[in-house]
Amino acid sequence: MRWSEGARAWLAPLLAPLLLLAACADLQPFRGNPGAEARRLARPPAYRIAVPTPTEALLTDAGAERFAETLAEALRAAEVPAAATPVQPLDWPLVVTARREGSRLLPRYELFDADGTSIGVTEGGPAPLRGWGMEEASVFREVATRDAPGVATLLEAVEASRKASDPAALAGRGPLRIRLAGVKGAPGDGNRSLRNRLGEFLTRLGYLPQDQAEGATYAVQAEVQAVPAPGDKQRIELQWIVSRRDGYELGRVVQINEVPRGSLNGLWGDVAYVAAEQAASGIREVLQNAAQPELDEATPPPRPPPEAHRGARAEAAPAR
């Protein structure tokens, strides 16, 4: 195969010792404490509820953020896996709105699946308009604590009528389904080309990539940054972020290379092919590490890999 100038520039660092794929594809751990149950990577929960900051709840930005956090806390107390966080690729968003009715305020909670389809609505009880408008913490706690069981009941009804997980994949009886949540930030046609090429290579590795979230066990999204570099070059940094259904970030495959300035402003072509091939291998390593069962304390640690495979290191790099 004949490579373009950009692809040769991308491949060049791979020819030097200690600059193999894993040297520029570091696996970065999730930042934060997911709790004991979340660390059981082989059996993540079927979903996570994301409570984004409400924008139509008659609150200031600061008040809306505090209510989202209060509601998420109340949902967790009601045994609903929830977090006040931006929506991740496999999250189920819970959108909170509110309307005024006389001297009262009526909250409303609408649940969406990870593909953006509304799957249920529940109305909350009335709240005092004055206390809500003053954004009193006691009112927020009262409303969240009272309405959280209604959201939990809504979830039970949804779970009774549909499957939010892939039992075959979790049991290891079939290929894993991976949602390709897109690429953003790349110049030229990079967003589309990288996504398409990655899907091809994941398929070759035995996975089932898909656009929709339904049935997916994991998700992959990518962020690209292109900045000027000395010598009439351009520094391209790709981060492929691998997460699971409960929003837990399993790892990142990071690729950093320099290419001739402007060479990727149009078609990525061979560069997308090479970058996606490398990324797919790194993503497979992240998923394989995630699927390994926890070791019993009496079980000796696994033997280190042969010297020939030192390039595919498994240790995590510090977060950038």
Side-chain angles (χ1 to χ4, degrees), residues 1-29 31 86-89 178-205 207 209-212 218-243 249-287 311-313 316-320:
M1 178 179 292
R2 294 184 178 181
W3 302 106
S4 65
E5 181 182 3
R8 288 197 300 270
W10 193 271
L11 281 167
L14 305 180
L15 303 179
L18 303 182
L19 286 178
L20 300 175
L21 165 63
C24 62
D26 297 329
L27 309 184
Q28 299 184 354
R31 292 180 291 276
V87 180
Q88 298 301 310
I178 303 174
R179 182 189 185 190
L180 301 185
V183 181
K184 63 181 180 180
D189 76 336
N191 291 345
R192 184 182 74 253
S193 293
L194 288 167
R195 183 259 176 230
N196 291 343
R197 299 290 85 76
L198 179 68
E200 294 171 4
F201 282 108
L202 288 177
T203 300
R204 295 183 188 182
L205 293 177
Y207 300 109
Q210 60 185 48
D211 293 329
Q212 68 275 16
Y218 301 104
V220 176
Q221 58 183 328
E223 299 174 356
V224 183
Q225 288 188 337
V227 297
D232 199 34
K233 292 183 179 295
Q234 194 173 33
R235 184 172 179 267
I236 305 293
E237 178 175 335
L238 286 80
Q239 293 198 47
W240 304 85
I241 306 167
V242 186
S243 59
E249 184 179 304
L250 298 174
R252 298 190 178 202
V253 178
V254 181
Q255 299 169 306
I256 301 175
N257 270 302
E258 292 185 355
V259 299
R261 188 189 305 272
S263 62
L264 297 180
N265 289 348
L267 301 178
W268 276 55
D270 295 339
V271 175
Y273 183 97
V274 174
E277 183 179 26
Q278 297 173 1
S281 297
I283 291 167
R284 176 175 60 181
E285 184 176 350
V286 172
L287 296 177
R313 66 190 185 195
R320 294 180 180 271

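Only heavy atoms go into these numbers, but all of them, side chains included; no hydrogens, no water, no symmetry mates.
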Exercise. How far apart are the C-alpha atoms of Q88 and Q221, what are their side-chain angles, what is the distance that settles it, and do they pass the side chain to side chain contact (heavy atoms under 4.5 Å, CB included) test?
Worked result: CA-CA 10 Å; Q88 298 301 310; Q221 58 183 328; 3.6 Å; yes
For this session: For the pair V274 and Q278, evaluate side chain to side chain contact (heavy atoms under 4.5 Å, CB included) and give the outcome as yes or no after the intermediate values.
Result: CA-CA 6 Å; V274 174; Q278 297 173 1; 3.5 Å; yes
Exercise. Can V271 and I236 be said to form a side chain to side chain contact (heavy atoms under 4.5 Å, CB included), step by step?
Worked result: CA-CA 11 Å; V271 175; I236 305 293; over 6 Å; no
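One finds the CG atom of L205 at 9.0 Å from the CD atom of E277 (value rounded to the nearest 0.5 Å). The distance from atom CD of E200 to atom CG of L198, rounded to the nearest 0.5 Å, is 9.5 Å. To the nearest 0.5 angstrom, L238 atom CG is 9.5 Å from I256 atom CD1. Atoms CZ and NZ, on R261 and K233 in that order, are 10.0 Å from each other to the nearest 0.5 Å.
The backbone N or O of P89 lies less than 3.5 Å from a partner atom in the side chain of R179, making a donor-acceptor pair. Under a 3.5 Å cut-off, the side chain of R197 and the backbone N or O of G269 do not form any donor-acceptor pair.
Nearest heavy atom pair, residue L194 against residue A275, reads CD2-CB, 4.0 Å. Closest heavy-atom contact between G199 and T203: O-OG1, 2.8 Å. Of all heavy-atom pairs spanning W240 and Q255, the tightest one is NE1-OE1, 2.8 Å. For W268 against P187, the heavy-atom pair with the smallest separation is NE1-O, 2.8 Å. Considering all non-hydrogen atoms of both residues, V253 and I283 come closest at CG2-N, 3.7 Å. Contact detail for A226 and Q234: the closest heavy-atom pair is CB-NE2, 3.8 Å.
Judged by distance alone, the side chains of Q239 and E237 do bring a donor and an acceptor atom under 3.5 Å apart.
By the 4.5 Å heavy-atom criterion applied to side chains, L287 and Y207 are counted as neighbours.
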